[in-house]
Amino acid sequence: MKRKDKKILIAVDKEEVPRKDVCDILRCKASVEEVFFKKGMPTETLYLEKKDFTEKEDIAAKILAINPYCVFNLFEGFSDDSEKEAAFVRLLEKIKVPFTGNSSFTLSLCLSKWKAKEILKKKNIPVPRGLFVKNPQDLNAMDMRAPFFVKPCHEDASLGIDKDSLVYTKEELCRVVEKKIKEFPQGLVVEEFIGGKEYSVAFLGGLFCWPLGVSVMDYSQYQNFPPYLTYDSKWEVDCDEFKLLTPSVVEVENQVTKNIIAIAQRGAAALRCRSYFRVDVRERQGALYVLDINPNPDINRDSGFMKQAYHKGYTYEKAIEKIVRLANRRK
């Protein structure tokens with residue numbers, strides 16, 4: 001069967017939650033559908049529910065019956081169970097259906113910020129000093145200098161990152177950890193805060209991924225806002241941070257930017273990233289640290305990832321088509 005006769009199966013979650021990052025996935029689905037509609041390629045949406053993961057054979061049978069050209073994977077787990085993101089990809093790998101994005105191995109690692117951090121450290125990739133915290137008593141083993149940054153270990157999309165995430169004393173840290181551990185009982189990561197410029201490097205490619213570009217956020221220009229991106233500043237369109245804290249894409253010719261790309265590539269290789277992903281890096285007194293690796297970043301038309309792709313010369317349509325081609329190359 002020729003490609004034009006096969007469907008693109010777009011996978012998303014189906015749950016009624018008010019979270020803006022979850023709603024944004026449906027907006028992305030519509031944009032992806034539009035790309036293939038204009039190309040004359042049929043699409044179908046696979047809505048995943050929690051009950052589907054108790055009947056995995058049914059999901060597999062449905063996908064195999066459709067026999068898609070590939071699964072365009074926009075599924076990021078559920079609002080209270082992010083681990084299903086990797087479980088779904090594990091199923092696709094088992095039934096050998098091409099899919100976009102990263103492997104279940106990479107998704108699983110990146111969904112545990114502490115595991116990812118430990119691997120990066122073993123590969124001699126600089127990361128902020130940190131501690132995994134399951135209860136407030138774990139802070140007794142802390143050997144770090146203030147200020148401290150607190151984030152959930154098993155969440156993405158900056159969920160749980162708010163104006164309380166940056167603390168300046170151990171007393172304040174204990175209070176914040178006690179509060180956040182109730183909301184995120186799977187654990188927190190407490191790190192030394194790296195207060196310099198923040199860089200984001202978007203990648204698109206196969207086993208050897210090439211950077212689309214580098215964007216930079218200089219928080220020193222915004223004294224009235226926290227020196228980091230909160231959940232609201234990423235997703236709440238009516239808040240001032242969302243409107244004003246906009247990273248700018250920079251040229252890659254200078255040595256500093258080349259160093260940023262190099263450390264981002266090393267971090268991505270350590271976690272076996274491929275297809276498309278983003279690496280976040282921060283600078284402190286000239287030293288660079290890998291903060292986070294996002295193996296499933298937002299690819300809406302107005303996303304930071306796509307802004308870097310546009311800077312590289314891609315249109316939205318060309319970027320989406322390349323993501324699909326990469327999915328079928330690894331069959």
Side-chain angles (χ1 to χ4, degrees), residues 7-37 43-53 59 62-63 66 68 70-92 97 99-104 106-108 110-111 152 154-161 200 202 204 229-239 242 273 275-278 280 292-309 316-317 319-324 326-327:
K7 291 180 179 179
I8 302 289
L9 187 60
I10 304 175
V12 296
D13 73 312
K14 184 180 182 181
E15 57 177 337
E16 297 295 330
V17 294
R19 270 177 39 187
K20 295 297 177 69
D21 61 299
V22 176
C23 297
D24 223 49
I25 293 172
L26 297 179
R27 187 166 67 93
C28 188
K29 179 184 84 75
S31 295
V32 171
E33 284 176 328
E34 183 181 20
V35 170
F36 296 116
F37 176 78
T43 63
E44 184 173 335
T45 302
L46 177 66
Y47 289 104
L48 293 165
E49 301 179 73
K50 289 184 180 181
K51 65 180 182 180
D52 293 326
F53 288 86
I59 307 178
K62 182 175 182 178
I63 294 171
I66 294 171
C70 83
V71 173
F72 203 103
N73 186 23
L74 297 177
F75 177 67
E76 297 185 5
F78 301 106
S79 57
D80 59 351
D81 189 358
S82 57
E83 292 180 359
K84 291 297 185 289
E85 178 180 8
F88 176 62
V89 171
R90 205 171 292 120
L91 172 67
L92 296 176
V97 171
F99 59 91
T100 62
N102 277 280
S103 68
S104 62
T106 299
L107 292 173
S108 293
C110 293
L111 278 171
H154 297 280
E155 300 292 346
D156 59 6
S158 292
L159 186 68
I161 296 179
S200 177
L204 177 62
L229 293 177
T230 65
Y231 179 89
D232 285 353
S233 65
K234 286 188 175 182
W235 303 107
E236 293 289 346
V237 297
D238 293 328
C239 81
F242 181 93
C273 294
S275 186
Y276 69 97
F277 54 91
R278 192 191 73 236
D280 297 331
D292 191 27
I293 297 178
N294 187 339
N296 198 2
D298 179 16
I299 51 171
N300 268 295
R301 290 180 182 271
D302 55 356
S303 65
F305 182 94
M306 285 310 307
K307 287 176 183 176
Q308 292 188 33
Y316 188 74
E317 290 71 22
I320 295 301
E321 288 173 24
K322 181 162 186 176
I323 288 171
V324 169
L326 290 168

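Between E44 and P68, the closest side-chain pair of non-hydrogen atoms is not below 4.5 Å. Two residues are said to be in side-chain contact when any heavy atoms from C-beta on lie closer than 4.5 Å; L46 and I63 meet this criterion. Inter-residue side-chain proximity for I161 and L229 is flagged as unmet; no heavy-atom pair is nearer than 4.5 Å. When side chains are defined from C-beta on, L159 does not count as touching P152, because their heavy atoms never get closer than 4.5 Å. Residues D52 and F88 form no side-chain contact, since every pair of their non-hydrogen atoms from C-beta on lies 4.5 Å or further apart. The side-chain heavy atoms of N294 and C110, taken from C-beta on, include no pair separated by under 4.5 Å.
A pairwise comparison of heavy atoms in F36 and I320 identifies CZ-CG2, 3.7 Å as the closest pair. Across F305 and P297, no two heavy atoms sit closer than the pair CD1-CG, 4.0 Å. Contact between V89 and S104 at its shortest, heavy atoms only, is CG1-N, 3.4 Å. The minimum heavy-atom distance between I66 and L9, with the atom names listed, is CD1-CD1, 3.9 Å. Across all their heavy atoms, S82 and H154 have their closest contact at OG-O, 2.9 Å.
At least one donor-acceptor pair under 3.5 Å links the side chain of Q308 to the backbone N or O of S200. Proximity of a side-chain donor or acceptor of T100 to a complementary backbone N or O of N73 within less than 3.5 Å is detected. Side-chain atoms of Y316 do not come within 3.5 Å of backbone N or O of A309 as any donor-acceptor pair. N300 places a side-chain N or O within 3.5 Å of a backbone atom of D24 that can act as its donor or acceptor partner.
K84 meets the side chain to side chain contact (heavy atoms under 4.5 Å, CB included) test with F53, F75, F78, D81, A87; sequence neighbours excluded. Qualifying salt bridge (Lys or Arg N to Asp or Glu O under 4.0 Å) partners for E33, counting only residues two or more places apart in sequence or in other chains: K29.
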Passes side-chain contact (heavy atoms from CB on, under 4.5 Å), T43 versus F37? Steps please.
CA-CA 8 Å; T43 63; F37 176 78; over 6 Å; no
Go through the steps to decide whether Y276 and N296 satisfy the test side-chain hydrogen bond (donor to acceptor under 3.5 Å, both in side chains), and finish with yes or no.
CA-CA 7 Å; Y276 69 97; N296 198 2; 3.3 Å; yes
Please report the C-alpha distance between L91 and F99 in whole Å, then the side-chain angles of each, then the deciding distance to 0.1 Å, and finally whether the side-chain contact (heavy atoms from CB on, under 4.5 Å) criterion is met.
CA-CA 11 Å; L91 172 67; F99 59 91; over 6 Å; no
List the steps and the verdict of side-chain contact (heavy atoms from CB on, under 4.5 Å) for I293 and T106.
CA-CA 10 Å; I293 297 178; T106 299; over 6 Å; no
Test salt bridge (charged side-chain N to carboxylate O under 4.0 Å, His left out) on R27 and D302; report intermediate values, then the result.
CA-CA 11 Å; R27 187 166 67 93; D302 55 356; 3.2 Å; yes
Run the side-chain contact (heavy atoms from CB on, under 4.5 Å) check on D292 and D156 step by step: do they pass?
CA-CA 10 Å; D292 191 27; D156 59 6; over 6 Å; no
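Atom-to-atom distance recorded for L107:CG and C273:SG is 9.0 Å, nearest 0.5 angstrom. Rounded to the nearest 0.5 angstrom, E317 CD and K322 NZ are separated by 16.0 Å. Note that the CG atom of L26 and the CD1 atom of I10 stand 11.0 Å from one another [nearest 0.5 Å].
Electrostatic pairing of K50 and D80 counts as a salt bridge here, judged by a charged N lying under 4.0 Å from a carboxylate O. A salt bridge links E34 and R301; the closest N-O separation between the charged side-chain nitrogens and carboxylate oxygens is under 4.0 Å.
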